[in-house]
Amino acid sequence: MLVCYACSLLIFASGIFNVAGHAGRSRLPAYLVAFLAFTQIGIAIFATPHPLHNMFGIASMLGFLAPMALAVGWRRDRAARTLVVVSSVLGFLILGSIITGLSELVPQSQLWQLVKSVPGLVQRSLAAAWLAWLFVSGILLRRWETLAAE
């Protein structure tokens with residue numbers, strides 16, 4: 001399942017790459033999505049008891065910053081205004097989920113004390129915000145590309 005998800009992410013990354021190239025915008029979001037895809041393959045190969053599973057999981061956090069990279073890199077493009085706003089909002093939600101998840105590294109922190117009582121909540125909120133960004137930005141990129149071609 002993770003390999004299929006990774007393949008889907010690579011297709012999405014190629015779409016961002018192409019749209020960014022045509023629009024003269026930063027391709028960094030495409031690279032970050034592709035990086036996330038490769039880390040997902042690593043997570044699939046090295047299942048949970050394997051120590052590399054968590055290493056790939058931690059490395060994948062970099063890929064989740066693609067919405068922020070898009071929001072910052074494309075902010076001056078008026079045609080991408082809605083896409084930038086959506087990427088900013090969901091990017092901050094993703095960043096908040098990542099920071100909350102990393103609070104586990106400081107078990108005495110008040111943030112971790114709040115979160116630990118609900119196992120999996122942080123990962124689910126990260127997944128929800130990420131999938132929402134993929135869905136909405138995919139539609140907006142497709143619409144934007146269609147309008148630019150006319």
Side-chain angles (χ1 to χ4, degrees), residues 1-20 23 25-78 80-144:
M1 183 66 142
L2 279 174
V3 173
C4 290
Y5 171 59
C7 290
S8 298
L9 287 176
L10 288 173
I11 292 167
F12 190 79
S14 71
I16 295 173
F17 187 85
N18 290 335
V19 171
R25 295 287 156 226
S26 170
R27 290 181 167 166
L28 180 60
Y31 295 129
L32 290 172
V33 172
F35 178 77
L36 179 64
F38 289 119
T39 62
Q40 295 305 300
I41 293 170
I43 288 170
I45 292 170
F46 302 105
T48 297
H50 199 284
L52 287 178
H53 178 81
N54 289 338
M55 296 302 287
F56 279 102
I58 290 172
S60 72
M61 288 184 213
L62 183 62
F64 283 113
L65 298 178
M68 296 299 286
L70 192 144
V72 171
W74 297 24
R75 71 184 178 278
R76 292 195 176 108
D77 193 331
R78 287 185 169 272
R81 182 179 168 100
T82 305
L83 179 61
V84 168
V85 169
V86 166
S87 294
S88 297
V89 170
L90 292 172
F92 277 114
L93 288 173
I94 289 168
L95 186 61
S97 294
I98 290 171
I99 291 169
T100 304
L102 289 174
S103 69
E104 182 179 3
L105 299 175
V106 185
Q108 296 82 16
S109 71
Q110 289 182 348
L111 181 57
W112 177 244
Q113 295 303 316
L114 286 171
V115 174
K116 77 176 183 178
S117 63
V118 189
L121 178 67
V122 176
Q123 284 183 323
R124 285 180 182 82
S125 66
L126 174 62
W130 173 253
L131 293 173
W133 179 74
L134 290 174
F135 179 74
V136 175
S137 64
I139 291 171
L140 292 173
L141 282 167
R142 179 69 177 154
R143 188 178 74 180
W144 187 39

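Below, each value reflects all heavy atoms present in this structure, side chains not excepted, and no hydrogens, waters or symmetry copies.
- Under the 4.5 Å side-chain criterion, counting only non-hydrogen atoms from C-beta, Leu32 is not in contact with Phe64.
- Here Leu126 contributes atom CG and Leu131 contributes atom CG; the two are 9.0 Å apart, rounded to the nearest 0.5 Å.
- When every heavy atom of Ile94 is checked against every heavy atom of Pro67, the shortest pair comes out as CD1-CG, 3.7 Å.
- For Ser97, the side-chain hydrogen bond (donor to acceptor under 3.5 Å, both in side chains) criterion is met by Ser125, not counting sequence neighbours.
- Taking 4.5 Å as the limit, some side-chain heavy atom of Leu36 sits within range of a side-chain heavy atom of Trp130.
- Partners of Ser26 by side-chain contact (heavy atoms from CB on, under 4.5 Å), not counting sequence neighbours, listed by chain and number: Leu28, Pro29, Trp74.
- With values rounded to the nearest 0.5 angstrom, Ser60 atom OG is found 10.0 Å from Asn54 atom CG.
- A donor-acceptor pair is defined here as one N or O able to donate and one able to accept, closer than 3.5 Å; no such pair exists between the side chain of Arg81 and the backbone of Arg78.
- Rounding to the nearest 0.5 Å places CG of Leu102 at 10.5 Å from OG of Ser109.
- Between atom NE2 of residue His50 and atom CE of residue Met55 there is a gap of 12.0 Å, rounded to the nearest 0.5 Å.
- Note on ring orientation: taking the six-membered ring where Trp is involved, the planes of Phe46 and Phe56 are parallel (angle under 30°, cut-offs 30° and 60°).
- In this structure, Arg142 contributes its side chain and Gly138 its backbone to no donor-acceptor pair below 3.5 Å.
- Residues Asp77 and Val84 form no side-chain contact, since every pair of their non-hydrogen atoms from C-beta on lies 4.5 Å or further apart.
- Side-chain contact between Val33 and Trp133: present, with at least one pair of heavy atoms (C-beta onward) separated by less than 4.5 Å.
- Here Leu70 contributes atom CG and Leu83 contributes atom CG; the two are 4.5 Å apart, rounded to the nearest 0.5 Å.
- With values rounded to the nearest 0.5 angstrom, Ile99 atom CD1 is found 9.5 Å from Leu111 atom CG.
- Every residue two or more places apart in sequence or in another chain was checked for a salt bridge (Lys or Arg N to Asp or Glu O under 4.0 Å) with Arg27, and none qualifies.
- In this structure, Ile41 and Ala6 approach most closely via the heavy-atom pair CG1-CB, 3.5 Å.
- Within the 4.5 Å cutoff, no side-chain heavy atoms of Ser87 are placed close to those of Met68.
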Side chain to side chain contact (heavy atoms under 4.5 Å, CB included) for Leu95 and Leu65? Distances and angles first, verdict last. CA-CA 7 Å; Leu95 186 61; Leu65 298 178; 4.0 Å; yes
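- Applying the side-chain hydrogen bond (donor to acceptor under 3.5 Å, both in side chains) test to Gln113 and every residue at least two apart in sequence or in another chain returns Lys116.
- Annotation: side-chain hydrogen bond (donor to acceptor under 3.5 Å, both in side chains) contacts of Ser137 (sequence neighbours excluded): none.
- For the side-chain hydrogen bond (donor to acceptor under 3.5 Å, both in side chains) test, no residue two or more places apart in sequence or in another chain qualifies with Thr100.
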